[in-house]
S.K.: 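Pasting a structure below so you can have a look.
First listed ligand is number 1; within each ligand, the first listed atom is number 1.
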Amino acid sequence: MKRILVLGGYSGIAQKVEEKWARQGASLYLVGRSQAKLEIVRNHLLVLGAKEVYIESADLNNLNAHKSILQRAVASLNGLDLLFVCYGILPDQKMLEKEPEKIVENYNTNAISVIHFVTTSVNYFESRNAGTIAVVTSVAGERGRKSNYFYGSAKACVDVYLEGLRHRLFHSGLKVITIKPGVVDTPMTKELGKKILIASPERVAEDIIRGIENGKHIIYTPWYWKYIMGVIKLLPERLFSKLEI
Ligand SMILES: NC(=O)c1ccc[n+]([C@@H]2O[C@H](COP(=O)([O-])OP(=O)(O)OC[C@H]3O[C@@H](n4cnc5c(N)ncnc54)[C@H](OP(=O)(O)O)[C@@H]3O)[C@@H](O)[C@H]2O)c1
């Protein structure tokens with residue numbers, strides 16, 4: 001049965017994925033900032049059937065804590081099969097345009113801390129030549145748009161990092177998976193209103209579980225974002241720049 005470390009343990013998307021793992025009887029180690037929210041999720045997952053659920057409150061922007069978080073997770077779960085990275089922030093694009101000193105938090109949270117934790121975990125997984133690293137980025141990282149290019153460029157940074165890591169580990173027993181959701185109905189997007197293509201976190205969770213089980217390298221969720229982004233990436237810059245997206 002799976003032993004899973006989740007970064008962002010009570011994020012809207014992670015909670016739905018964890019519910020499915022709990023029903024499969026997985027052992028989970030959840031990390032998030034709020035102890036109280038982690039406790040609520042832990043109790044819920046135990047009721048659903050999780051074998052065991054450990055929690056740790058931590059700010060993942062504190063890079064110095066990463067190694068010890070990983071060590072505690074490995075010790076508590078008696079090993080680790082899967083690292084699932086599912087945290088981040090959606091910054092106010094307009095505010096960052098006006099206040100450049102606030103840019104740092106976006107890149108620290110959405111890119112640097114993610115890359116730092118994954119790199120720390122690779123060293124652990126490589127010593128066992130086994131394990132899966134699955135990271136939630138975003139379709140927003142596929143093309144710079146005026147409405148969210150600070151967030152998108154941080155996600156793009158992680159995408160290229162993961163692609164390179166996958167390339168490096170291709171012949172090893174490790175799997176590196178990039179998960180690219182479109183717009184999902186979670187606390188992160190509550191300010192955006194109900195968009196036409198907004199997906200439920202339940203649906204996204206199903207795609208994530210299936211994609212990981214099938215050993216996919218890149219999971220678009222819902223699936224149609226692969227084709228939407230395929231078209232958007234093909235648009236010439238002159239045409240793209242005229243679009244109100
Ligand atoms: N929702 C979407 O439309 C969408 C689309 C594409 C990709 N994604 C990605 O999916 C992932 C999960 O997001 P979500 O939609 O589930 O949103 P969410 O419910 O708002 O979850 C984001 C989580 O990240 C946590 N977090 C932020 N900064 C942190 C830090 N420094 N240390 C520890 N935890 C931190 C937040 O904790 P606090 O509540 O304590 O701040 C929150 O639990 C993110 O990577 C997001 O970028 C979401």
S.K.: State which residue, out of I177, L5, V136, fulfils the side chain to side chain contact (heavy atoms under 4.5 Å, CB included) condition with F84.
M.R.: V136
S.K.: Counting heavy atoms only, which part of I13 comes closer than 4.0 Å to ligand 1: side chain, backbone, both or neither?
M.R.: both
S.K.: Run the salt-bridge test on K20 and E213 with the 4.0 Å N-O cut-off and return the result as yes or no.
M.R.: no
S.K.: Output yes when K102 and D92 qualify as a salt bridge under the 4.0 Å nitrogen-oxygen rule, no when they do not.
M.R.: no
S.K.: For atom 10 (O) of ligand 1, which candidate among T137, V85, V136 holds the nearest heavy atom?
M.R.: V136
S.K.: For F117 and H66, take the angle between the two ring planes, folded into 0 to 90°, and tell me which bin it lands in: parallel under 30, tilted 30 to 60, perpendicular over 60.
M.R.: tilted
S.K.: Quick check on contacts: which atoms of ligand 1 are under 4.0 angstrom from a heavy atom of D59?
M.R.: 30 (C), 31 (N), 32 (N)
S.K.: What I want to know is whether N110 and ligand 1 share at least one N or O pair that is separated by under 3.5 angstrom.
M.R.: no
S.K.: Taking only heavy atoms of N61, which atoms of ligand 1 are found under 4.0 Å from at least one of them?
M.R.: 31 (N)
S.K.: Considering only heavy atoms from C-beta outward, does the side chain of Y124 approach that of L83 to under 4.5 Å?
M.R.: no
S.K.: Could you check if a side-chain atom of Y10 sits within less than 4.5 angstrom of a side-chain atom of I40, using non-hydrogen atoms only?
M.R.: no
S.K.: Below the 3.5 angstrom mark, is there an N/O of T189, backbone or side chain, next to an N/O of ligand 1?
M.R.: no
S.K.: If you define the side chain from C-beta out and look only at heavy atoms, does anything of V17 sit under 4.5 Å from C86?
M.R.: no
S.K.: Is K146 salt-bridged to E244, cutoff N-O under 4.0 Å?
M.R.: yes
S.K.: Are the side chains of I245 and S147 in contact, using a 4.5 Å heavy-atom criterion?
M.R.: no
S.K.: Can you sort out which atoms of ligand 1 are near T109, meaning under 4.0 Å from one of its heavy atoms?
M.R.: 28 (N)
S.K.: Relative to atom 47 (O) of ligand 1, which among W225, Y87, Y151 owns the nearest non-hydrogen atom?
M.R.: Y151
S.K.: Say whether G88, considering both its backbone and side-chain N or O atoms, lies within less than 3.5 Å of an N or O atom on ligand 1.
M.R.: yes
S.K.: So which of K37, K16, M188, K155 gets nearest to atom 20 (O) of ligand 1, if we judge by its closest heavy atom?
M.R.: M188
S.K.: Give the single entry among G9, S11, A154 that approaches atom 21 (O) of ligand 1 most closely by any heavy atom.
M.R.: S11
S.K.: Quick test of your reading of the model: are E19 and K16 salt-bridged, counting only N-O distances below 4.0 Å?
M.R.: yes
S.K.: Does the pair K94/E97 count as a salt bridge with the N-to-O cut at 4.0 Å?
M.R.: yes
S.K.: For atom 32 (N) of ligand 1, what is the closest protein heavy atom, and at what distance to 0.1 Å?
M.R.: L60 N, 2.9 Å
S.K.: At a non-hydrogen distance cut-off of under 4.0 Å, which region of A58 contacts ligand 1 (side chain, backbone, both, or neither)?
M.R.: backbone
S.K.: Please report which non-hydrogen protein atom sits nearest to atom 2 (C) of ligand 1, along with the residue it belongs to and the distance in Å to one decimal place.
M.R.: V184 N, 3.5 Å
S.K.: Can you pull out the closest protein heavy atom to atom 28 (N) of ligand 1? Residue, atom name and distance to 0.1 Å, please.
M.R.: R33 NH2, 3.2 Å
S.K.: Which atoms from ligand 1 have a heavy atom of G12 less than 4.0 Å away?
M.R.: 16 (O), 18 (P), 19 (O)
S.K.: Polar contacts were defined as any N/O atom of the residue lying under 3.5 Å from an N/O atom of the ligand; does this apply to I89 and ligand 1?
M.R.: no
S.K.: Mind checking whether V204 and I179 have side chains closer than 4.5 Å, heavy atoms only?
M.R.: no
S.K.: Quick check: do P201 and Q15 have side-chain heavy atoms less than 4.5 Å from each other?
M.R.: no
S.K.: For C86, is the nearest heavy atom under 4.0 Å from an atom of ligand 1?
M.R.: yes
S.K.: Heavy-atom distance to atom 4 (C) of ligand 1: which of G182, S57, P187 wins?
M.R.: G182
S.K.: Among protein heavy atoms, which lies nearest atom 15 (O) of ligand 1, and at what distance?
M.R.: T186 OG1, 2.6 Å
S.K.: For atom 40 (O) of ligand 1, find the nearest protein heavy atom and state the residue, atom name and distance (0.1 Å precision).
M.R.: Y10 OH, 2.6 Å
